[in-house]
Amino acid sequence: MRSFVAVEMPGEMREALVAMQVGLPGRHVPEENLHLTLAFLGEVEEARLQDLHGVLSGLKLAAPLLRVTARDVFEGRKPVLAFATLAPDPGLEAARRAVRQAARDVGIALGRERFRPHVTLSRFGRGISGRDAERLAARLGPVAGPVEGRAARFGLYRSDLRADGPRYELLAGYDFD
């Protein structure tokens with residue numbers, strides 16, 4: 001089962017993130033799918049996910065502050081997605097380390113990756129046209145005004161890839177302290 005662990009966006013932040021999608025080209029991420037990934041697990045057996053659930057249920061993690069600072073695209077000749085950048089936060093870093101350690105403790109191999117806290121806003125598929133690139137450039141950069149909230153929950157998700165975009169199913173949710 002393709003899976004990941006992610007922070008759920010607080011309601012007021014979800015609304016602000018949806019507003020940030022206005023004017024972005026591509027396929028917008030549905031509001032209910034907006035999240036911040038702590039650990040992408042890849043294909044994992046259901047029994048191993050049950051083991052991970054047991055460990056995640058016992059974690060006591062402080063609720064991180066989530067603060068959007070900018071909109072950006074992942075670099076490349078043809079960007080494939082736009083995202084909202086989140087500011088570094090010690091609670092967020094601690095949550096990521098704890099979740100990744102929990103996954104390793106139950107035998108899930110994780111790739112090495114730099115943590116760049118973000119929420120995907122729009123996917124462009126195979127890239128974007130010149131006109132869409134102009135529209136996109138006008139929507140990128142620093143965010144005016146505070147867009148922030150305290151995370152309340154994180155979850156273990158299943159991800160199914162479909163032609164019309166990924167579908168996420170919450171398998172288990174966990175409260176931050």
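Throughout, numbering of the chain's residues begins at 1 and tracks the sequence. When reading the values below, keep in mind they use all heavy atoms of this one structure, side chains included, and skip hydrogens, waters and symmetry mates. None of the values given here were measured: they were computed from a predicted structure.
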**OP:** First locate atom CG of Leu156, then atom OG of Ser3, and finally report the distance between them rounded to the nearest 0.5 Å.
**Re:** 6.0 Å
Subject >> Non-neighbouring partners of Arg158 that pass side chain to side chain donor-acceptor pair (under 3.5 Å), sequence neighbours left out >> reply: Asp160
**OP:** Search all heavy atoms of Tyr168 against all heavy atoms of Phe4 and return the closest pair with its distance.
**Re:** CD2-CE2, 3.6 Å
Original post:
What closest approach, in Å, do Phe124 and Pro25 show between heavy atoms, and which atom pair accounts for it?
Top reply: CE2-O, 3.3 Å
**OP:** With sequence neighbours excluded, tell me which residues meet side-chain contact (heavy atoms from CB on, under 4.5 Å) with Leu110.
**Re:** Leu41, Arg100, Ala103, Arg104, Ile108
Original post:
NE2 of His28 to OG of Ser122: how many Å apart, nearest 0.5 Å?
Top reply: 4.5 Å
**OP:** Check step by step if side chain to side chain contact (heavy atoms under 4.5 Å, CB included) holds for Val18 and Leu34.
**Re:** CA-CA 9 Å; Val18 167; Leu34 295 169; 4.0 Å; yes
Subject >> Partner set under side chain to side chain donor-acceptor pair (under 3.5 Å) for His118, not counting sequence neighbours >> reply: none
**OP:** Report yes if the side chains of Asp175 and Phe154 come closer than 4.5 Å at any heavy-atom pair, otherwise no.
**Re:** no
Subject >> Atom of Gln21, atom of Val29 and distance for their closest heavy-atom approach >> reply: NE2-O, 2.9 Å
Original post:
Does any pair with a residue in residues 41-51 pass side-chain hydrogen bond (donor to acceptor under 3.5 Å, both in side chains), and if so which ones, sequence neighbours excluded?
Top reply: none
With a cut-off of 3.5 Å and sequence neighbours excluded, list every side-chain donor-acceptor pair involving residues 56-71.
| unit_1 | atom_1 | unit_2 | atom_2 | d |
| --- | --- | --- | --- | --- |
| Ser57 | OG | His53 | O | 2.8 |
| Thr69 | OG1 | Thr85 | O | 3.4 |
| Arg71 | NE | Arg139 | O | 2.7 |
| Arg71 | NH2 | Arg139 | O | 3.4 |

**OP:** Evaluate the side-chain proximity of Leu92 to Pro90: yes if any heavy-atom separation is below 4.5 Å, no if none is.
**Re:** no
Original post:
What distance separates Arg116 CZ from Thr37 OG1, expressed to the nearest 0.5 Å?
Top reply: 14.0 Å
Original post:
Given the rule in the side chain to side chain contact (heavy atoms under 4.5 Å, CB included) test, do Arg2 and Tyr157 qualify, once you have shown the distances and angles that lead to the verdict?
Top reply: CA-CA 9 Å; Arg2 189 172 191 265; Tyr157 292 85; over 6 Å; no
Original post:
At their closest point, which heavy atom of Gly149 faces which heavy atom of Met13, and how far apart are they?
Top reply: N-SD, 3.4 Å
**OP:** Answer yes if Phe40 and Leu81 sit in the same cluster of Ile, Leu, Val, Met, Phe, Trp and Tyr residues linked by side chain heavy atoms under 4.5 Å apart, and no otherwise.
**Re:** no
Original post:
Can you list the residues that meet the side-chain contact (heavy atoms from CB on, under 4.5 Å) rule with Pro30, with sequence neighbours excluded?
Top reply: Glu32, Asn33
**OP:** State, to 0.1 Å, how close Pro117 and Leu36 come at their nearest heavy-atom pair, and which atoms those are.
**Re:** CB-CD1, 4.1 Å
Original post:
Side-chain contact, heavy-atom cut-off 4.5 Å: Val80 with Arg123?
Top reply: no
Subject >> Leu17 side, atom CG; His35 side, atom NE2 - distance, nearest 0.5 Å >> reply: 12.0 Å
**OP:** Of all the heavy-atom pairs spanning Thr120 and Phe83, show the shortest one and how long it is.
**Re:** CA-CB, 4.0 Å
Original post:
In Å and rounded to the nearest 0.5 Å, what is the CD to CZ distance from Glu8 to Arg153?
Top reply: 5.0 Å
Original post:
Any link between Leu52 and Leu170 through a network of hydrophobic side chains (Ile, Leu, Val, Met, Phe, Trp, Tyr) touching at under 4.5 Å?
Top reply: no
